[in-house]
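Sharing a structure here in structure tokens format.
When a residue number appears, it is its place in the shown sequence, counting from 1. We use all heavy atoms of the structure for the numbers below, so side chains are in, but hydrogens, waters and symmetry mates are not.
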Amino acid sequence: MRGTCAVAGIAVLAVVGAGVPGVMSGAAADRSGSPDLSRYYTQKIKWAACEGETEAMAEATGHAKDVRCGKVRVPIDYAEPGGGDVEVAMIRMKSSGSGEPRGSLLLNFGGPGGPGVSALAGSQKEFGFLSKDYDIVSFDPRGVGQSDPVSCGDLGTGPLDSGLGEQSDDPGAVLAELRKAAKECEDKSGPVLPHMGTVNVSRDLDVMRQALGDKKLNYLGFSYGTRLGAVYAAQFPKKVGRMVLDGVDTLTDPVAEQSLATVEGRQTALDNFLDWCTGNAGCVFGADARAARDGMVKLIQDMDAMPLRSMEGEEFTGQDVVGVLSQALYSRQAWPALSQALGALLADGDPRALIRMSGGLMGGVDTDGPRVDVPMDNMSAALMAVNCADDPDRPDAARIEKEVGKLRTEFEEASPVFGKSMLMPVLLCFGRPAGTDYIRERVRDVKTPKLLLVGTRGDPATPYRWTEETARRLGSQAVVLDNKGDGHTGYLGSVCVHDKVNGFLLYGETPKSGSSCPVDPKAQE
């Protein structure tokens, strides 16, 4: 998914390998003097029972006996592998088939900043059919979840996370806040922060492939996971097996254009939800869709001005509502629950159903078991760390001062609900060294087996045009499946997409490019 808000590091953002990731497959340093990565490419994963929340999630799905957790070590800096390691947390759902498994199928659930360990622990049923042939594997990328999580401290959940706040009319004050945010992230995060970015995560992915014993990477990536898959295809074309990219990300748009496209997509999805809600009896916003849109804006503004407070003193603000909407609108199947949760909030001032929705949509479960010590802002902090590392564009102070007012107007006109919070990811790369240009310049015309790209017409986060643009960049090996439905990604929301992706991954059945899937009738109920 395209995320909401996060922050990158202020230290030297050396995205190693951005020039030419000519990675060895496990041998010692080659004659050109490339760093010796052999100790990473010869390691084996020690699988053991999962612990804490991961174990509780697996038990809640009824598949705990089939799930194991492990770790691989990767270098913080691939150019200087002696400078320290990151332990990447992994999870495996063992193949349920009677014969030998085909190998591993690695999943990335998106973000950037989304933890794959908890996501797979809480969603094993959805990948049960694929597990007949594959061991299903996912992971927390570097800087995420249980893999040396980055953080920006209180700023990650404070005023910068929800918009420009009182400084919005003073460009100088905005710049001061951005510098403060960068310093806070540097102070709160470990040495992995300057080495975030998809180029490095892709190299980690290849280390995982080798540690799993797979000659080829079989891969299913959602949303941001499609960017990761495309980068891997460019870096390691001879190591690509069967690869599916669902909810295709852009490889070319700057952070500002990505964020604006996401704002527009989310507003369209919200409009569609309110049209649906007001067309059904019992909608808390009444029967007038236009009035419902105005009512939603007023609700968020009122709750930002006067947040609800729990007995423990915790606040639930309008921007918290925006965060839940951002997730719930990804799936049309969540609309009835969202309508009921908003009804409870408006009728009784009770946000608990919305809070539960947020936890459920992130793959969490209620548990009193031990909790992994992951900062509350880790997902947003990792999101911006990766997005800034992947983007070579950097506005200077003069440009920020000149354009901040214009940008704010543009984003809030695109969406009075989502525009405020989505502007911050554009500004929070300020002051950081430019990221890699590898993705924009080098990820093209890949020499791999066929790649299946799934684009959904009503996707609120990754517009369908990104699927077409990315397919053209990847070249003739990219095959597009056009999903006519709504929601973010297609595999879990469309029976047709589900079947075609399974056919490709299990049996090598490649749809003809330009094939389509109709709107799923169940999604319209």
Side-chain angles (χ1 to χ4, degrees), residues 1-6 110-112 161-164 168 222-224 226-227 246-277 289-290 292-297 299-301 318-319 321-332 334-335 338 380 383-384 387 390-391 393 403-429 454-470 482-490 493:
M1 62 184 169
R2 304 302 307 171
T4 49
C5 183
D161 198 40
S162 57
L164 293 175
S168 59
F222 299 99
S223 195
Y224 162 75
T226 68
R227 190 198 312 172
D246 184 4
V248 182
D249 203 350
T250 179
L251 299 176
T252 58
D253 285 0
V255 169
E257 293 181 22
Q258 293 177 33
S259 295
L260 188 58
T262 301
V263 168
E264 293 168 344
R266 288 181 180 173
Q267 184 61 47
T268 298
L270 177 60
D271 291 344
N272 291 340
F273 163 73
L274 292 174
D275 286 342
W276 169 85
C277 182
R290 178 175 295 182
R293 292 180 178 86
D294 293 339
M296 181 66 77
V297 174
L299 167 66
I300 291 165
Q301 291 174 341
Q319 294 309 306
V321 176
V322 171
V324 177
L325 290 174
S326 297
Q327 297 298 323
L329 293 172
Y330 277 0
S331 171
R332 191 181 180 101
W335 288 6
L338 177 61
S380 60
L383 181 148
M384 192 45 56
N387 280 345
D390 288 356
D391 190 347
D393 296 330
E403 296 185 0
V404 65
K406 176 185 175 183
L407 282 170
R408 183 185 62 179
T409 299
E410 188 174 15
F411 272 66
E412 292 186 353
E413 285 181 350
S415 173
V417 172
F418 301 105
K420 180 180 179 182
S421 63
M422 288 300 295
L423 175 56
M424 288 312 298
V426 177
L427 300 177
L428 284 169
C429 291
V454 181
T456 298
R457 292 285 178 167
D459 196 312
T462 51
Y464 184 79
R465 66 176 176 84
W466 284 354
T467 303
E468 297 179 316
E469 292 169 1
T470 297
D482 181 355
N483 178 27
K484 305 294 186 181
D486 291 309
H488 186 36
T489 73

Problem set entry | Closest heavy-atom pair and its distance - G458, D486 |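 Heavy atoms of G458 and D486 come nearest at CA-OD1, 3.6 Å.
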For this session: Give the minimum heavy-atom separation between A334 and A328, together with the two atoms involved.
Result: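 The answer is CB-O, 3.6 Å.
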Problem set entry | N387 to P112 - nearest heavy-atom pair and separation |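 Result for this residue pair: OD1-CG, 3.5 Å.
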Exercise. Residues in side-chain contact (heavy atoms from CB on, under 4.5 Å) with E468, at least two apart?
Worked result: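 Checked E468 against side-chain contact (heavy atoms from CB on, under 4.5 Å); matches are Y464, R472.
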Problem set entry | With D253 via side chain to side chain donor-acceptor pair (under 3.5 Å) - residues at least two apart |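 For D253, the residues satisfying side chain to side chain donor-acceptor pair (under 3.5 Å) (neighbours in sequence not counted) are W466.
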For this session: Could you tell me whether the side chain of T467 and the main chain of P463 form a donor-acceptor pair under 3.5 Å?
Result: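 It does not hold such a pair.
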Exercise. Can you check whether K420 reaches R408 side chain to side chain, under 4.5 Å on heavy atoms?
Worked result: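 No - every pair of side-chain heavy atoms lies 4.5 Å or more apart.
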Problem set entry | From CD (E412) to CG (L407), nearest 0.5 Å |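 That separation rounds to 11.0 Å.
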Exercise. Hey, does V454 have a side-chain heavy atom less than 4.5 Å from the side chain of T489?
Worked result: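 They are not in side-chain contact.
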Problem set entry | Which atom of F418 lies closest to which atom of L329, heavy atoms considered |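 For F418 versus L329, the nearest heavy atoms are CZ-CD1, 3.8 Å.
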For this session: Take R266 and S326 through the test side-chain hydrogen bond (donor to acceptor under 3.5 Å, both in side chains) and record every step on the way to the result.
Result: CA-CA 7 Å; R266 288 181 180 173; S326 297; 3.3 Å; yes
Problem set entry | D391 side chain vs V255 backbone, donor-acceptor pair below 3.5 Å |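 Confirmed, D391 side chain pairs with V255 backbone.
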Problem set entry | By side-chain contact (heavy atoms from CB on, under 4.5 Å) - contacts of A414 (at least two apart) |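 Partners of A414 by the side-chain contact (heavy atoms from CB on, under 4.5 Å) criterion, ordered by chain and then number, come out as L260, V263, E264.
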Exercise. Mind checking what makes salt bridge (charged side-chain N to carboxylate O under 4.0 Å, His left out) contact with D294, not counting sequence neighbours?
Worked result: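 Residues passing salt bridge (charged side-chain N to carboxylate O under 4.0 Å, His left out) with D294: none at all.
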Exercise. Should L423 and S259 count as side-chain neighbours, where that means a heavy-atom distance under 4.5 Å?
Worked result: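 They are not in side-chain contact.
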Exercise. Does S223 offer a backbone N or O that forms a donor-acceptor pair with the side chain of R227 under 3.5 Å?
Worked result: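 Side chain of R227 to backbone of S223, a donor-acceptor pair under 3.5 Å: no, none is there.
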Problem set entry | Student check: side-chain heavy atoms of L383 and Y224 closer than 4.5 Å |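 A side-chain contact is absent here, since even the closest heavy-atom pair is not under 4.5 Å.
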Exercise. Quick check: does any side chain N or O of D249 sit under 3.5 Å from a backbone N or O of T226, one acting as donor and the other as acceptor?
Worked result: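 Flag not set: sc D249 to bb T226 has no pair under 3.5 Å.
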Problem set entry | Partners passing salt bridge (charged side-chain N to carboxylate O under 4.0 Å, His left out) against D482 (at least two apart in sequence or in another chain) |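 If we apply the salt bridge (charged side-chain N to carboxylate O under 4.0 Å, His left out) test to D482, skipping adjacent residues, the hits are R457, K484.
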For this session: Quick one: list whatever passes side chain to side chain donor-acceptor pair (under 3.5 Å) with D459, sequence neighbours left out.
Result: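 Counting only residues at least two positions away or on another chain, D459 forms a side chain to side chain donor-acceptor pair (under 3.5 Å) with T462, H488.
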Exercise. Looking at residues at least two apart in the chain, or sitting in another chain, which of them share a side chain to side chain donor-acceptor pair (under 3.5 Å) with T456?
Worked result: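 Partners of T456 under the side chain to side chain donor-acceptor pair (under 3.5 Å) test: N483.
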Exercise. How long is the span from the CG atom in D271 to the OG atom in S415, to the nearest 0.5 Å?
Worked result: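 Answer rounded to 0.5 Å: 8.0 Å.
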For this session: Determine whether T409 and K406 make a side-chain contact, defined as any pair of heavy atoms from C-beta on separated by less than 4.5 Å.
Result: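 Not in contact.
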Exercise. Are D275 and R293 close enough that some pair of their side-chain heavy atoms sits under 4.5 Å apart?
Worked result: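 In contact.
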For this session: Taking side-chain contact (heavy atoms from CB on, under 4.5 Å) as the test, write out the residues that go with P416, two or more places apart.
Result: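 Counting only residues at least two positions away or on another chain, P416 forms a side-chain contact (heavy atoms from CB on, under 4.5 Å) with Q267, V297.
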For this session: Only counting residues at least two apart or in another chain, list the ones meeting salt bridge (charged side-chain N to carboxylate O under 4.0 Å, His left out) with E469.
Result: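 Per chain and number, E469 pairs via salt bridge (charged side-chain N to carboxylate O under 4.0 Å, His left out) with R465.
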Problem set entry | Shortest non-hydrogen contact from F411 toward M422 |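 In terms of heavy atoms, the two residues are closest at CE2-O, 3.5 Å.
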Exercise. For the atom pair CE (M296) and CG (L274), what is the distance rounded to the nearest 0.5 Å?
Worked result: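 Reported value, rounded in 0.5 Å steps: 5.0 Å.
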